[in-house]
Amino acid sequence: MSEEPKNPETNPEGGQQSEEPVTFTDEQQAKIDELIGQQHAKWSKKFDQQHADFKQQLVDAQKQAEERAKMTAEQKA
């Protein structure tokens, strides 16, 4: 069996990396920075919402556990 490259589409030139540095114009770099900032804000908002949801689930689970404990204590009495 011959071993195939793991991801041949990634670099169609046969796996050799270009030694030339990539440069962007100031306008391109500003747009890249803007897009990164927008994506970061989107992910940050999503993360904050998920965090708030998980905290609420934790509070709800703790209340439910306390109610079960009270019910069990009342049944024993």
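Residues: numbered from 1 along the sequence shown. From a predicted model like this one, the values you see are computed outputs, not experimental measurements.
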For the residue pair Asp60 / Gln64, report whether a side-chain donor-acceptor contact shorter than 3.5 Å exists.
no

For Gln49, the side-chain hydrogen bond (donor to acceptor under 3.5 Å, both in side chains) test, sequence neighbours excluded, returns Asp53

Value for NZ (Lys45) from NZ (Lys42), rounded to nearest 0.5 Å, stands at 10.5 Å

Once rounded to the nearest 0.5 Å, what's the spacing between atom CD of Gln75 and atom OG1 of Thr72?
5.5 Å

Check whether any side-chain heavy atom of Lys31 lies under 4.5 Å from a side-chain heavy atom of Leu35, and answer yes or no.
yes

Under a plain distance cut-off of 3.5 Å, with no hydrogens placed, do Gln62 and Glu66 share a side-chain donor-acceptor pair?
no

Which value, rounded to the nearest 0.5 Å, describes the distance between Glu67 atom CD and Lys63 atom NZ?
8.5 Å

